[in-house]
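Written below as structure tokens is the structure these notes are about.
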Amino acid sequence: MANEDQFKKVISHAKEYGYIFASSEIYDGLSAVYDYAQNGVELKKNIREYWWRSMVYMHQNIVGIDAAILMHPTTWKASGHVDAFNDPLIDNKDSKKRYRADVLIEDYCEKINKKAQKEIAKAKKRFGDSFNEEEFVATNPRVVSYIQQQKEIIERMAKSLEAEDLADVKLLIEELGIADPLTGSKNWTDVKQFNLMFGTKLGASAESAMDLYLRPETAQGIFVNFLNVQKTGRMKIPFGIAQTGKAFRNEIVARQFIFRMREFEQMEMQFFVKPGEEMKWYEYWREKRLAWHLSLGLGKENYRFHDHEKLAHYANAATDIEFNFPFGFKELEGIHSRTDFDLKAHEKHSGKKLQFFDHETNKNYTPYVVETSIGLDRMFLAIFSNSLKTEELEDGSSRVVLKLPTILAPIKAAVFPLVKKDGLQEIAKEIVADLQWDYNVIYDEKDAVGRRYRRQDAVGTPFCITVDHQTKEDKTVTIRFRDSMKQERILISEISEKIKKAVSYKSWLS
Ligand code: ATP
């Protein structure tokens, strides 16, 4: 319940402080579609930039592209999306609510996992320093049984989905006694497959119009451009192509704010490698991507890997980096070893060769691909929800503060005149005029300075700079730090350097 409250707070804070609005809100919104507001757009842009720099600028063998959202329809036939981009859905006959059958089963397993974690935590407390967690997990009968139960359920589900045995998926839901989370009803329909792609049309007349899809992932724009980039960029294997952009999925269940949207943004990188070397690179990117997440300081304990039992039709290994969202651990990023499935499929459907010529062996081959794929909006939610804190202060009051990583904060500094007279406003405006060449900064003169600090705490601004009467005498200002609330007196000429140090990509990314 506490988590549910926290999630509600996140959603209302995102609206109140100009981060996220429901799409077309004046018409009561559009389900699972959202608009990024004045601060949200900045945070989102900064996350995208943080990813782009680490992937593209920091790797001499990775380049970026920006492919179109609309692609030739055969793309989606080749990729398997027309035939297999389905989710198994199930309806509850009483509540008329629709669910993803696999998610209902996974949530059930997560409950079993929570029981196991509870046992482990209890034992940890009991045995103190002498506790050997690995041994306990392997030998405690209760924990062993919980882990076994989960494994069997997931394996059975994976097998049935693989074999398209949807009747068994329903049977599994019934055998486990899974009820509608909202109403408790166990009155289920059969499980059906549902294709997630949005269709659209290209062309003016109804007869000649061509059926198209809005891309459900950005990856295919990279595959179809593989040879163009390789040739024009003179790229040698291994090399990567990165892309960020919109993707569209007609999600069955979309009730978790920006976690599951129908229009969202992905940040993907496809890394082309020699066949046989894919597992080495898969391990490499697993570690590399986790390190990227950890660099933001949201807490190591909030991440975990989840290796896939059920592999997508194109993959020979896959893992998710899961994040501890306010509603529990869920997928944030996928790392997939996609084999040569996509390039081979596009070769077959287009009749064009998509191979790499190896000058050392004088032979052509189709590269294997390791993909890293993260949802920008999910990353936004991870950062935003983790950063929102309510703190009790020494004087008994409390403050709401958004402790965003400084490098990602939408507004880097707010500049205040202490009072609206004696020339303090002019000095503050001059400081803004100077800083805005390099940073997104704002000027604020409204209300008492304490209230202005609180307002910036809630927006997540890391630095507040106040101009007072002493400024006129010695050209110093106070700089107040969001997280510690400590204040320092520094020279006006030192402000820019101070911010620069705090937002250096080098220090954050390394
Ligand atoms: P899920 O199992 O949650 O539906 P997925 O496995 O289908 O996700 P991928 O196809 O691997 O997701 O997409 C890569 C990334 O894109 C995901 O890790 C996620 O961060 C993001 N993503 C996927 N679907 C959505 C969505 N509907 N809304 C927001 N982000 C999404």
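Numbers here simply count residues along the sequence, with the first being 1. Each ligand, and each atom within it, is numbered from 1 in the order the structure gives.
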[X] bridged to [Y] by N-O distance under 4.0 Å:
| X | Y | value |
| --- | --- | --- |
| Asp211 | Lys201 | yes |
| Arg289 | Glu283 | no |
| Glu49 | Arg53 | yes |
| Glu155 | Lys159 | no |

Which residue owns the protein heavy atom closest to [atom], what's the atom, and how far is it?
| atom | answer |
| --- | --- |
| atom 16 (O) of ligand 1 | Gln266 NE2, 3.4 Å |
| atom 29 (C) of ligand 1 | Phe259 O, 3.2 Å |
| atom 28 (N) of ligand 1 | Met261 N, 2.9 Å |
| atom 17 (C) of ligand 1 | Glu331 OE2, 3.3 Å |
| atom 14 (C) of ligand 1 | Ser373 OG, 2.9 Å |
| atom 21 (C) of ligand 1 | Gly375 CA, 3.6 Å |

Nearest-option assignment for atom 9 (P) of ligand 1, heavy atoms, candidates Arg249, Arg260, Glu217
Arg249
Judged by heavy atoms only, the candidate from Phe264, Phe248, Phe323 nearest atom 25 (C) of ligand 1 is Phe264
Part of Arg100 within contact of ligand 1 (heavy atoms, under 4.0 Å)
side chain
Applying side chain to side chain contact (heavy atoms under 4.5 Å, CB included) between Phe272 and each of Asn61, Ile222, Val370, report the one that passes.
Ile222
[X] heavy atom under 4.0 Å from ligand 1:
| X | answer |
| --- | --- |
| Arg262 | no |
| Leu332 | yes |
| Gln256 | no |

Residues 160-171 vs salt bridge (charged side-chain N to carboxylate O under 4.0 Å, His left out), sequence neighbours excluded, gives Arg156-Asp168, Lys170-Glu174, Lys170-Asp190
Test of ring centre spacing under 6.0 Å for Phe21 and Tyr34
no
Going by the side-chain hydrogen bond (donor to acceptor under 3.5 Å, both in side chains) test, which pairs reach into residues 214-226, not counting sequence neighbours?
Glu217-Gln220, Glu217-Arg338, Thr218-Glu268, Gln220-Asp342, Gln220-His346, Asn225-Asn228
